[in-house]
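Before any comments, here is the structure.
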4 protein chains.
Amino acid sequence: MKTRVGIVGGSGYSGEELLRIMLSHPRAELTAVTSRQYARQSLAQIFPKFAHHPQAKKLKFTEPQADLLAREADLIFLALPHGVAAEYALPLLKLGRKVIDLSADFRLKSAAVYKEFYAHDHPAPELLAQAVYGLPEIYRDKIRQAKLVASPGCYPTSVLLPIIPLLKAGLIKSTGIIADCLSGVSGAGRKVELDYLFVECNESVRPYGVPKHRHLSEIEQELSVAAGETVTIQFTPHLVPINRGILSTLYLAPEKHFSTEQEMKQLAGKITACYQAAYELEPFVRLLEGKALPDTKNVTGTNVIEIAWRLDQRTGRLIVMSAEDNLVKGASGQAVQSMNLMCDFPEADGLI
Amino acid sequence: MKTRVGIVGGSGYSGEELLRIMLSHPRAELTAVTSRQYARQSLAQIFPKFAHHPQAKKLKFTEPQADLLAREADLIFLALPHGVAAEYALPLLKLGRKVIDLSADFRLKSAAVYKEFYAHDHPAPELLAQAVYGLPEIYRDKIRQAKLVASPGCYPTSVLLPIIPLLKAGLIKSTGIIADCLSGVSGAGRKVELDYLFVECNESVRPYGVPKHRHLSEIEQELSVAAGETVTIQFTPHLVPINRGILSTLYLAPEKHFSTEQEMKQLAGKITACYQAAYELEPFVRLLEGKALPDTKNVTGTNVIEIAWRLDQRTGRLIVMSAEDNLVKGASGQAVQSMNLMCDFPEADGLI
Amino acid sequence: MKTRVGIVGGSGYSGEELLRIMLSHPRAELTAVTSRQYARQSLAQIFPKFAHHPQAKKLKFTEPQADLLAREADLIFLALPHGVAAEYALPLLKLGRKVIDLSADFRLKSAAVYKEFYAHDHPAPELLAQAVYGLPEIYRDKIRQAKLVASPGCYPTSVLLPIIPLLKAGLIKSTGIIADCLSGVSGAGRKVELDYLFVECNESVRPYGVPKHRHLSEIEQELSVAAGETVTIQFTPHLVPINRGILSTLYLAPEKHFSTEQEMKQLAGKITACYQAAYELEPFVRLLEGKALPDTKNVTGTNVIEIAWRLDQRTGRLIVMSAEDNLVKGASGQAVQSMNLMCDFPEADGLI
Amino acid sequence: MKTRVGIVGGSGYSGEELLRIMLSHPRAELTAVTSRQYARQSLAQIFPKFAHHPQAKKLKFTEPQADLLAREADLIFLALPHGVAAEYALPLLKLGRKVIDLSADFRLKSAAVYKEFYAHDHPAPELLAQAVYGLPEIYRDKIRQAKLVASPGCYPTSVLLPIIPLLKAGLIKSTGIIADCLSGVSGAGRKVELDYLFVECNESVRPYGVPKHRHLSEIEQELSVAAGETVTIQFTPHLVPINRGILSTLYLAPEKHFSTEQEMKQLAGKITACYQAAYELEPFVRLLEGKALPDTKNVTGTNVIEIAWRLDQRTGRLIVMSAEDNLVKGASGQAVQSMNLMCDFPEADGLI
């Protein structure tokens, strides 16, 4: 029998992507999807693109109600704005359901940092300790045991996966890290605001949220864990006119200075070995070889993150670049990857 | 009587933009435009978008010939690939004509650096000493006197104008500079290559030329002049799916450490004063105020560069961001600005 | 002394384009711009892209008030949604001011047709008789004398200019006309609605308003005038992911049947002659020759409409295609063309 | 055991899409892929986006050779330009292999019509009689028995599926049909030509191939079969700046005149019944209901064609609109649908 899955907040872009993946998942069955806005309409009516799935014709959006959800589903995804996930997570966990939250609400270990970055008190600080940060490549074993998974943000995923192995291996300094990131417009969610109109985004490239974007908090938390000391980074997000995709360019300082050709080769060998050890067997991390550099179009619609790097002999820096689909590896695909782990399914189920 | 102007190589994107500007210039008249490919066809036939200009109907592309050009024009723009400009610059200068070169051929002072970055011997090293780097905001007086102007590259313009005043004022360190840049596809020129097909660029964001792009050479040359010492920087270009525009994000280290709110305010005051002194009266530099950040769509089709900056108290860094149209301020508009100076015209003629 | 010009509703896309044109107009001066939303802020603050115009720094948006406007301006553009233009047009006309309305409010001669298509009573039916339909190529002399000009819609302009000369010359039947039209997203105005978000429009092509779009009413009114009998047409608008531009494909039935090569040539000769007679001297109509077909990118930012046509020997049809910039020839450029006529300026002032 | 499948010409956009589908097909295994250009390189090297499929790492492109292919595969897709498919089809069929050709070479029944539209003699006229036109919704039974399937063109699919049932049912006239079609740029193939550069396509909408595009020939052939008489139509293709998708707007004349509300309702009932009978059970035809109209973004990446229609009481016309992904239902997805039929697999295998 398939695991019964519910989605709370199925009408945003992440919710829509979750629907797409879950409608075709071989071992799970969508049994409940909530949306205040679309309540009582079928998935097929709201998202014609899913209308050829029989389940999309049958299943109707309902008003969100925790007790109802607990009856209809064994595992529930929360795809809601930050600040409101606790309202569902608390009763669902109490009723013994597994919860995967796609918002920022359970990603931080510290309620104080949450308040600093999100400008309101944390709604359920008692849950922070038990929540597992849902980055399978880093926390696979914890995720398997988790009841509450906080699925990472799109920017953090694109920054953390390339940097964490290097920090853990002591190959780079934990200071002076810069993350310069480009995001497609779906990263802003399905917000009906002037800034996200077609005419305002098309033929436009622009930075925003400089210098203190909210995602900094979880990036720094996780880098600090990897480094074993407090890490502070520079993070500059930009909006680019594509629907999906994040391209991150990371400027890093190798722990060991290199200047000769030979020192560079030695260091390159260590970096190669570090990434191989970390990701060679990972189904969703693609280490690029030769002259290839990441390109968002090569990961669109997939749960893959591409990583490439270059040493610059002139400046002594290591530049690492990554590309992912912000709605898949950066949100819903990664959440399903966690679900697969929590449910003991093959990790790539529904994602290839 | 209007100054007679010629263009060699009028069929690329820079050439096309030069045509657009020069067709409407109040004090200059286009009298010769060359293109091997389009010889004997009128401008209107090749570029229907100019067909409503009477001059575009009359004027025909001709085969490029230096002596003919010298007869027909007082000032000649060279809009050619690097390596071939000397072939026209030499005879034209000998015949007493003024020359503005939009290629990289006369931007570097050192033939050796040219060879390192462009992989062939410089075709006319004897001209390097007399060529003036055509950045009007920096070299206005020299440009007025110049016979040969080397108009800057698109990336260099977007990096140099924001950084030079800070270096000159000693407000930032000359080490550790990072320029992370995004360029629209016209930056690659009208090259018929797979990489620039619509389907390959649309929905794609990608870095390229990492870590040693050719434009590094002129950026570092000019930053070194400003700093009074050799400057080496990190430069990462990216391709983004817009027709026009460059967005540069510059990571800089203030000379003076700041950590308290008050130290930050003091430094901010100095930066404000520095930029005001440098650019307040400049017609084509727009210093953004308040919460505004640069956006390529706000400069498209104009000769304006937008600049904004932020101090980051958490990291101690200064982040400066700029936006320009790569074909106007980054190429043809800036070249016309130099022409206006060389011809004693009002500097903004044809550009507003 | 320059003519003083005011704009009511300067914050939409048409208003913004009007600002762009009027800020550089050689014989008119912007003296008043209203916007409830942006009142008391300068043009430069709201539209950074105009910030290098001294007038944009000085001039502030004000609350719209007819009597104030009448004091500050000799001619007023109304760039408002339909239904509210009368509120300003009535008092301004009474005070002797000239008015150019860019909305649909004064385009129809019949208040009944207005109500049928716009679903509310006409707010000032007494003005309909005196309003002149602002298509300069068709009504040039009337516009010169007009106090109130109703500037045409974007779709109507792209359909009427290609068809009217053919109808007047009796070369095509007035029945069976089909207009299949593609519009860029700015055609929807700066409406903050889900349908116009970047992610909803990018990578999307879709019809809308089938089969009875509001613009039908003015298209049919003007075609009927040209034909001397009631004309009913088929009109299908589509939304395409470009910022600006309308491409119209018009399916027409020649009055005279042709099937042999010779008959086709004869008819082609007549069509050529008809268009030449109508438009050869028009500064803003570009009749394409040879193999050229209209392309929106060739008219973007200009007041030009491109027209090409083909006879199809297999079907006996005449296919006419046109391209224009919906915000310029389809809105604000055309309105300025009317202003130039009303003020006895050279017709192309500010538009080339 | 899985059916062994080969692809000749796997480097164009259709070939790439075939690869994507076949790499995940549950009952077939890719055993051979040819490409002169990429011979000896793995699929993963050329298409990084497939690199996470183990088969893409193992399988290498080879030089195309019919006898080799016959040994390695039971069924072969030909994804080649027109004119060269016969070179492979003839020997492969002789050796008992099944062939699905995605080019135009076997779509026409008449070698004379082929020569008229493709401007060269048909290379294997003797195969035309046995080739089955691969439109599963129309020729399902024949496809099941076929050795050689000619998979339809992208435009033809989008035009034929909406019109054929109406013609067969006698609900529309076979005369006066107009197909106005919009195609994404991948429809032009991976051709490295100036016309398809990003800068030339972005912000551009344009007609082409007016009035006699090659796809006319197969559209008219199949409509004539459905009507039982020779059908001549008007067909106007346009290029729009999206990667994938075709949107067709079809102007049709109902056989029975309608003018009253009641007549319209009756006719609407018949059309509804006609489409229901034809497509209700089809897995890849989505009949839109209510106010919904086709949108390419709702079918991108899927094998679905969306159809909606409207009766226009004012003009007496029936307007039918369809949307498909030109590379899936318009090319490779449909070819796989045929393969599923030929191999007795569930028809939707690999396609949902």
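Residue numbers begin at 1 in each chain, while the letters A, B, ... track the order of the sequences.
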Review point. Donor-acceptor pair, A:E203 side chain versus B:N243 backbone, under 3.5 Å?
Key: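 Side chain of A:E203 to backbone of B:N243: a pair is present.
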
Check your understanding: Does B:T296 use its side chain to pair, donor to acceptor, with the backbone of A:V205 at less than 3.5 Å?
Key -> yes

Determine the minimum heavy-atom distance between [X] and [Y], stating which atoms define it.
{"X": "B:Y208", "Y": "A:L293", "answer": "CA-CD1, 3.8 Å"}
{"X": "B:D295", "Y": "A:R206", "answer": "OD2-CD, 3.1 Å"}
{"X": "B:P211", "Y": "A:L311", "answer": "CG-O, 4.0 Å"}
{"X": "B:P207", "Y": "A:M321", "answer": "CG-SD, 3.6 Å"}

Is any side-chain heavy atom of [Y] closer than 4.5 Å to one of [X]?
{"X": "B:P241", "Y": "A:I242", "value": "yes"}
{"X": "A:N202", "Y": "B:K297", "value": "no"}
{"X": "B:T315", "Y": "A:I233", "value": "no"}

[X] atom [atom1], over 12 foreign heavy atoms within 6.0 Å:
{"X": "A:E193", "atom1": "CD", "result": "yes"}
{"X": "A:K270", "atom1": "NZ", "result": "no"}
{"X": "A:E116", "atom1": "CD", "result": "yes"}
{"X": "B:K212", "atom1": "NZ", "result": "yes"}

Measure [X] against the heavy atoms of chain A and call it side chain, backbone, both or neither at under 4.5 Å.
{"X": "B:R310", "answer": "side chain"}
{"X": "B:L216", "answer": "side chain"}
{"X": "B:V210", "answer": "both"}
{"X": "B:I246", "answer": "neither"}
{"X": "B:V199", "answer": "backbone"}
{"X": "B:E200", "answer": "both"}

Just so I understand: if I count every heavy-atom pair under 4.5 Å between each of [options] and chain B, which residue has the most?
{"options": "A:A323, A:G245, A:S204", "result": "A:S204"}
{"options": "A:T300, A:N298, A:T232", "result": "A:T232"}
{"options": "A:I319, A:V240, A:T175", "result": "A:I319"}

**Study point:** Under 4.5 Å from a heavy atom of chain B, the part of A:E220 involved
**Key:**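 Only the side chain of A:E220 comes within 4.5 Å of chain B.
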
